[in-house]
Trainee: 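Following this message is one structure expressed as structure tokens.
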Amino acid sequence: MLRVAVDLTSLLTPQTGVGVFAAETTRRLAARDDLALTAFAVTWRGRGRLADAVPANVAVVDRPMAARPLRALWKRTDQPRVDLWIGRHDVVWGPNYVVPPTRAAAVASVHDLTTVHFPQLATADTLAYPRLLRRALERGAWLQTPSAFVRDEVIDHFGVDPDRVVTIPLGVRPVAPGDDAAGRKLAGGERYVLALGTIEPRKDLPTLVRAFDLLGDDDADVRLVLAGPDGWGAEALARALERSRHRDRIVRLGWVADGDREALLRGAAVYAYPSIYEGFGFPPLEAMSAGVPVVTTDTGSLPEVAGPGADLVPVGDAEALAAALARLLADDEHRRDLVARGREVVARHSWDTTAERFAALLHRVGEEA
């Protein structure tokens with residue numbers, strides 16, 4: 001049996017895409033009889049909470065690890081090894097870019113290279129990822145990416161052996177049945193364009209607001225709903241809202257509970273995702289699984305992952321985005337076709353398949369160490 005230690009720090013905070021990936025994959029890996037999983041967390045403030053967050057059948061090493069000083073050391077040296085906290089394993093896996101120094105074989109999951117291409121869109125913590133990745137690669141780590149697009153970027157930027165970078169596409173959680181009438185009530189209207197997710201610069205919501213102004217000039221009934229908590233960089237969105245000609249038809253909901261989120265998806269006329277850069281793209285797939293037509297950008301992994309089931313527009317082009325939204329609101333035949341193609345795309349993204357391929361990767365890494 002292969003002994004695998006996995007950093008599940010991402011399960012100690014509200015789950016973003018990385019947390020969903022770690023939770024869904026780990027839960028399935030833990031159910032296998034060829035793997036023995038142990039979870040650890042690189043955190044001081046989260047000490048004592050890991051056992052309540054991990055999936056069933058995952059052992060827990062709950063010794064506190066101070067993230068900031070440890071990562072400062074790991075950027076410069078290969079000490080201290082994580083083995084001091086977790087003991088001996090065959091493979092150590094870091095689902096969130098960082099895999100600590102270890103005597104075991106190592107795998108790091110790299111979701112995108114935002115910190116390389118758009119450092120102005122990154123946080124202080126994530127700006128350290130490229131340096132930590134380089135050190136891991138120097139120690140012989142393998143890398144997993146969610147798309148061929150990110151794989152190519154990683155190989156090009158880090159100069160890593162292509163045989164040690166493996167693409168494993170991710171799954172998509174089906175959207176639970178929601179009350180579409182409740183969604184329309186939250187939106188304050190019958191027809192609305194929806195954008196869901198934490199507010200951050202990479203989502204480029206100011207362009208969506210400008211596109212809605214153009215759309216609203218010709219469509220007096222449509223509304224725009226922005227649901228999700230402030231992350232960072234929300235000031236740009238606030239300025240765009242202040243300048244909007246149709247601010248009275250833009251609903252800013254902030255954080256919403258799962259039930260309201262599902263209701264908003266089920267009731268939406270169109271889902272808009274004008275991302276500047278994407279390594280995979282969970283939100284468009286989730287909208288497709290709810291039967292909502294999607295408009296997104298032709299950047300990063302989105303043409304690869306969502307493209308066949310979405311209308312694509314250039315990044316930052318408010319006019320093109322407005323035109324794509326208007327077409328889906330007015331053209332029922334195109335709308336039905338796009339929804340059908342979206343469901344076909346979603347059917348190709350299974351968490352069971354992701355876990356099966358990840359198990360094969362872990363065994364390969366362990367055997368070749």
Side-chain angles (χ1 to χ4, degrees), residues 121 183-184 186-228 233-253 264-278 281 283-288 290-300 302-303 305-339 341-342 345:
L121 304 183
R184 289 190 289 271
L186 286 167
E190 291 295 306
R191 299 163 62 248
Y192 60 93
V193 176
L194 176 65
L196 275 172
T198 302
I199 307 303
E200 59 175 284
R202 186 165 55 90
K203 305 295 178 61
D204 197 18
L205 294 178
T207 292
L208 177 57
V209 172
R210 292 194 295 273
F212 182 73
D213 270 347
L214 298 172
L215 178 67
D217 288 343
D218 298 321
D219 190 332
D221 297 323
V222 69
R223 301 171 76 84
L224 173 63
V225 177
L226 308 175
E235 299 81 6
L237 174 60
R239 289 193 296 270
L241 291 172
E242 289 172 2
R243 293 192 294 264
S244 172
R245 295 190 299 275
H246 302 296
R247 178 66 184 89
D248 61 321
R249 285 191 276 148
I250 301 177
V251 181
R252 178 85 165 82
L253 291 177
L264 286 167
L265 273 170
R266 294 292 181 181
V270 188
Y271 188 87
Y273 195 69
S275 177
I276 291 173
Y277 170 81
E278 208 68 37
L285 293 179
E286 290 176 344
M288 291 176 195
V292 182
V294 173
V295 177
T296 188
T297 43
D298 60 357
T299 188
L302 290 169
V305 175
D311 282 345
L312 303 179
V313 298
V315 170
D317 190 333
E319 292 185 358
L321 180 55
L325 294 172
R327 182 185 179 191
L328 281 168
L329 288 166
D331 188 337
D332 289 341
E333 182 176 354
H334 178 57
R335 177 189 176 85
R336 286 192 295 269
D337 177 62
L338 198 62
V339 168
R341 286 191 278 129
V345 168

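Please read all numbers here as calculations on a predicted model, not as lab measurements.
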Trainee: Within this structure, what is the OG1-NZ distance for the pair Thr297 and Lys203, rounded to the nearest 0.5 Å?
Mentor: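 Between atom OG1 of Thr297 and atom NZ of Lys203 there are 11.5 Å.
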
Trainee: What's the separation between atom CD in Glu319 and atom OG1 in Thr207, rounded to the nearest 0.5 Å?
Mentor: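 Answer rounded to 0.5 Å: 12.0 Å.
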
Trainee: If you look only at distance, which donor and acceptor atoms sit under 3.5 Å apart when one is on a side chain in residues 190-199 and the other is two or more places apart or in another chain?
Mentor:
| from | atom 1 | to | atom 2 | distance (Å) |
| --- | --- | --- | --- | --- |
| Glu190 | OE1 | Arg184 | NE | 3.3 |
| Arg191 | NH1 | Asp219 | OD1 | 3.1 |
| Arg191 | NH1 | Asp219 | OD2 | 3.4 |
| Arg191 | NH2 | Asp219 | OD2 | 2.7 |
| Tyr192 | OH | Leu264 | O | 2.6 |
| Tyr192 | OH | Ala268 | N | 3.2 |

Trainee: List for me each residue that meets side chain to side chain contact (heavy atoms under 4.5 Å, CB included) alongside Pro283, sequence neighbours excluded, and say none if there are none.
Mentor: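 Here the qualifying residues are Tyr271, Tyr273.
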
Trainee: If you compare all heavy atoms of Pro274 against all heavy atoms of Asp204, which two are closest, and at what distance to 0.1 Å?
Mentor: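 Nearest pair, atom of Pro274 first, then Asp204: O-CB, 3.3 Å.
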
Trainee: Which pairs with one or both residues in residues 329-339 pass salt bridge (charged side-chain N to carboxylate O under 4.0 Å, His left out), sequence neighbours excluded?
Mentor: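 Non-adjacent pairs meeting salt bridge (charged side-chain N to carboxylate O under 4.0 Å, His left out): Arg327-Asp331, Asp337-Arg341.
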
Trainee: To the nearest 0.5 Å, how far apart are CG in Asp218 and CG in Leu329?
Mentor: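 Asp218 atom CG to Leu329 atom CG measures 11.5 Å (nearest 0.5 Å).
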
Trainee: Please find the pair of heavy atoms, one from Val225 and one from Ala187, that lie closest to each other, and give the distance.
Mentor: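 Scanning both residues, the minimum pair turns out to be CG2-CB, 3.5 Å.
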
Trainee: For the residue pair Ser244 and Arg247, what are the closest heavy atoms and their distance?
Mentor: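 In terms of heavy atoms, the two residues are closest at OG-N, 3.4 Å.
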
Trainee: Measuring from atom OG1 of Thr296 to atom CG of Leu302, what distance do you get when rounded to the nearest 0.5 angstrom?
Mentor: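 Separation between the atoms: 4.0 Å.
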
Trainee: Looking at every heavy atom in both Pro314 and Asp298, which two are closest together, and how far apart are they?
Mentor: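 Reported closest heavy-atom pair: CA-OD1, 3.4 Å.
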
Trainee: Going by salt bridge (Lys or Arg N to Asp or Glu O under 4.0 Å), name the residues that satisfy it together with Arg243, two or more places apart in sequence or in a different chain.
Mentor: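 Not a single residue meets the salt bridge (Lys or Arg N to Asp or Glu O under 4.0 Å) criterion with Arg243.
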
Trainee: State the CG-CG distance between Leu241 and Leu226, to the nearest 0.5 angstrom.
Mentor: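 If we round to the nearest 0.5 Å, Leu241:CG and Leu226:CG are 6.5 Å apart.
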
Trainee: Please round to the nearest 0.5 Å and tell me the distance separating atom CE of Met288 and atom CG of Leu265.
Mentor: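 Nearest 0.5 Å value for the CE-CG distance: 12.5 Å.
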
Trainee: How close do Ala272 and Leu208 get, counting heavy atoms only, and between which atoms?
Mentor: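 Looking at all heavy atoms of both residues, the closest pair is CB-CD1, 3.8 Å.
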
Trainee: What's the shortest heavy-atom distance between Leu338 and Pro293, and which atoms?
Mentor: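 Minimum heavy-atom separation between Leu338 and Pro293: CD2-CB, 4.0 Å.
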
Trainee: Set out, in order, the CA-CA distance, both residues' side-chain angles and the distance that settles side-chain contact (heavy atoms from CB on, under 4.5 Å) for Arg245 and Leu214, then state yes or no.
Mentor: CA-CA 9 Å; Arg245 295 190 299 275; Leu214 298 172; 4.2 Å; yes

Trainee: Can you list the residues that meet the side chain to side chain contact (heavy atoms under 4.5 Å, CB included) rule with Arg266, with sequence neighbours excluded?
Mentor: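 Per chain and number, Arg266 pairs via side chain to side chain contact (heavy atoms under 4.5 Å, CB included) with Val175, Asp180, Ala290.
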
Trainee: Taking Phe212 as the fixed residue, which of Asp217, Leu321, Leu224, Leu325 is the one that meets the side chain to side chain contact (heavy atoms under 4.5 Å, CB included) rule?
Mentor: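 Result for side chain to side chain contact (heavy atoms under 4.5 Å, CB included) with Phe212: Leu224.
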
Trainee: Which donor-acceptor pairs under 3.5 Å do side chains of residues 305-313 form with protein atoms, sequence neighbours excluded?
Mentor:
| from | atom 1 | to | atom 2 | distance (Å) |
| --- | --- | --- | --- | --- |
| Asp311 | OD1 | His334 | NE2 | 3.3 |
| Asp311 | OD2 | His334 | NE2 | 2.7 |

